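Everything numeric in this text was worked out from a predicted model, so none of it was measured. Chain naming here is simple, since letters A, B, ... match the order of the sequence lines and numbering starts at 1 in each.
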Number of protein chains: 2
Amino acid sequence: MHSFTEENYLKAIYKLIEQEGDVVSTNAIAEKMSTKAASVTDMLKKLSDKKLINYQKYQGVTLTPKGEKVALNIIRKHRLWEMFLVEKLDFKWDEVHDVAEQLEHINSDKLIEEIDKFLNYPKVDPHGDPIPDAKGKLNIPKSHLLSKFKKNDVCIMTGVVDHSTAFLQYLDRSGIALGSEIKIKEIIEFDRSLQITINKGASIFISNDVAKNILVIIK
Amino acid sequence: MHSFTEENYLKAIYKLIEQEGDVVSTNAIAEKMSTKAASVTDMLKKLSDKKLINYQKYQGVTLTPKGEKVALNIIRKHRLWEMFLVEKLDFKWDEVHDVAEQLEHINSDKLIEEIDKFLNYPKVDPHGDPIPDAKGKLNIPKSHLLSKFKKNDVCIMTGVVDHSTAFLQYLDRSGIALGSEIKIKEIIEFDRSLQITINKGASIFISNDVAKNILVIIK
DNA sequence: ATAATAATTTAGATTAGTCTAAAAATTATT
DNA sequence: AATAATTTTTAGACTAATCTAAATTATTAT
Ligand SMILES: [Mn+2]
Ligand SMILES: [Mn+2]
Ligand SMILES: [Mn+2]
Ligand SMILES: [Mn+2]
């Protein structure tokens with residue numbers, strides 16, 4: 001149907017629109033895909049010919065409904081596979097992303113529905129990211145970056161932006177997990193770093209870089 | 001490491017050597033891969049450069065130890081995934097082959113070891129084919145084609161050659177399953193078709209074509 | 001409004017894998 | 001042993017995805 005490469009571009013565009021805003025630039029895609037802008041332009045022409053994206057030279061890109069459906073299906077598969085690896089095999093949440101990057105391209109409707117059933121229809125993946133249903137619908141309220149909150153706010157950790165092993169292991173070491181209650185005790189002006197408590201425990205410091213990669217909902 | 005295409009060629013060569021004999025021809029590979037002889041020649045040069053096969057122009061092909069190791073690892077993954085689909089998800093034995101053709105190329109040692117553990121280290125797949133261990137060793141005695149046996153022989157069904165949905169569903173309808181006791185009541189000279197009984201039941205006819213796709217061990 | 005800078009696209013190559021048609025080598029038949 | 005048939009390889013071309021370098025368009029600063 002679509003090549004792995006096409007699927008990866010569509011997923012990247014979806015995620016960029018999700019966080020960055022309405023239209024996404026050639027350079028942003030190139031950065032996300034670790035490729036060159038010229039390669040991106042070639043692919044944009046191809047995806048546009050296939051009616052998967054809206055693309056006008058120099059004007060940036062959006063997904064068509066068709067393209068969004070493909071992207072959401074890849075994301076669904078990625079997150080269900082991550083959940084399978086953690087729940088059924090002995091994977092830790094920091095070990096699953098790279099394998100899921102491969103598994104998300106396996107093409108079998110029956111397979112993914114059976115995995116969904118096997119896992120008892122989970123709503124979120126091991127990183128707290130919502131899993132789209134078979135129709136591509138997301139049924140979970142949107143979380144926000146911890147870095148956006150202010151002094152004395154109390155919130156619940158619901159997910160991460162960065163899925164890298166290094167970052168996830170840092171969270172493990174710091175005692176920050178999905179569902180943890182995080183209270184902001186202080187925000188340091190100079191570097192926007194935070195003093196927080198986790199589950200009402202002793203306070204710790206985290207950098208703004210870290211706070212920008214933690215997703216929470218207000219309590 | 002190796003591309004999907006290279007892996008598929010190595011697997012095809014392994015299987016051809018396994019059944020056909022010691023050396024395998026360009027045309028045989030082309031047929032098995034549903035491609036053209038010219039494409040095969042191109043790939044043989046490449047695999048030879050990588051020291052995965054022994055290849056001399058016009059002289060046919062064998063696998064090097066390195067190439068055989070790669071082939072056996074792909075076969076291991078294919079068969080473990082088939083077992084997973086049948087044992088843990090609701091797949092029938094005639095539904096698993098095409099999905100396993102994709103899953104066999106997923107590259108993660110941890111994943112395949114965990115799947116093996118999850119299945120409790122099975123020795124054979126849903127079609128009775130032996131599963132190589134992590135070192136590439138096969139620990140199951142070799143089966144033979146039902147078409148090779150003679151009148152009054154009694155044997156046990158252990159596997160199939162053809163993995164197609166059509167053939168497996170035919171076996172289901174005929175009541176022939178892994179472990180069935182098959183007795184050869186009569187061999188018709190004219191077309192080498194067989195009259196057999198299954199588990200001492202009523203006798204049925206099967207063509208030589210069918211008998212050549214059923215693997216058995218003598219009882 | 002013009003010039004400088006940054007973003008994006010085009011031009012031209014490269015690599016993996018495939019194909020058809022033609023040439024060369026091997027095998028079989030007289 | 002020579003010829004015919006078959007198998008295999010080579011030659012040249014195509015597509016998908018990528019790259020570098022150059023050209024073009026858009027944005028920002030003067
Ligand atoms: Mn992930
Ligand atoms: Mn995830
Ligand atoms: Mn199979
Ligand atoms: Mn099998």
Applying ring-ring contact (aromatic ring centres under 6.0 Å, His included), run through His78(B) and His97(B) and close with a yes or a no.
CA-CA 8 Å; His78(B) 182 101; His97(B) 183 73; 4.8 Å; yes

Would you please test Trp81(B) and Asp125(B) for side-chain hydrogen bond (donor to acceptor under 3.5 Å, both in side chains) and show each step?
CA-CA 9 Å; Trp81(B) 278 114; Asp125(B) 83 358; over 6 Å; no

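In this structure, Ser39(B) reaches the bases: a heavy-atom distance under 4.0 Å links it to at least one base atom across the strands shown. Contact annotation for Thr5(A): backbone-only contact, meaning every heavy-atom pair under 4.0 Å involves sugar-phosphate atoms and none involves a base. Within 4.0 Å (heavy atoms only), Tyr9(A) reaches sugar-phosphate atoms of the nucleic acid but no base atom.
Side-chain proximity of Tyr58(A) to dT10(D), dT26(C), dT9(C): nearest is dT9(C). Taking every side-chain heavy atom of Lys45(B) into account, dT10(D) is the closest of dT8(C), dT8(D), dT10(D). In the set dA21(D), dA26(D), dT7(D), the nucleotide with an atom closest to the side chain of Asn27(B) is dT7(D).
Residue Lys57(A) has no polar side-chain atom (N or O) positioned under 4.0 Å from OP1 or OP2 of dT8(C). Taking 4.0 angstrom as the limit, Thr41(B) places none of its side-chain polar atoms (N or O) nearer than this to OP1 or OP2 of dT10(D). Side-chain N/O atoms of Tyr55(A) include one lying less than 4.0 angstrom from OP1 or OP2 on dT9(C). Between Lys36(A) and dT20(D) there is a side-chain N or O to OP1 or OP2 distance below 4.0 Å. At the phosphate of dC19(D), OP1 or OP2 sits under 4.0 Å from a side-chain N or O atom of Thr35(A).
Per the geometry, CG belonging to Leu44(A) stands 16 Å off P belonging to dA16(D), to the nearest Å. dA16(C) atom C1' lies 14 Å from atom CG of Asn8(B), rounded to whole Å. Taking atom CD1 on Ile29(A) and atom P on dT8(C), their separation rounds to 9 Å, with Å as the unit.
Residues meeting the side chain to side chain donor-acceptor pair (under 3.5 Å) test with Asp49(B), sequence neighbours left out: none.
The partner of dT30(C) is dA1(D), judged by Watson-Crick or G-U wobble contacts that both fall below 3.5 Å. Under the Watson-Crick or G-U wobble criterion, with both distances below 3.5 Å, dA25(C) is paired with dT6(D).
Annotation: cation-pi geometry satisfied between Lys88(A) and Phe118(A) (NZ/CZ under 6.0 angstrom from ring centroid, within 45° of ring axis). Judged by the 6.0 Å distance and 45° axis criteria, Lys45(A) is not positioned over the aromatic ring of Tyr55(A).
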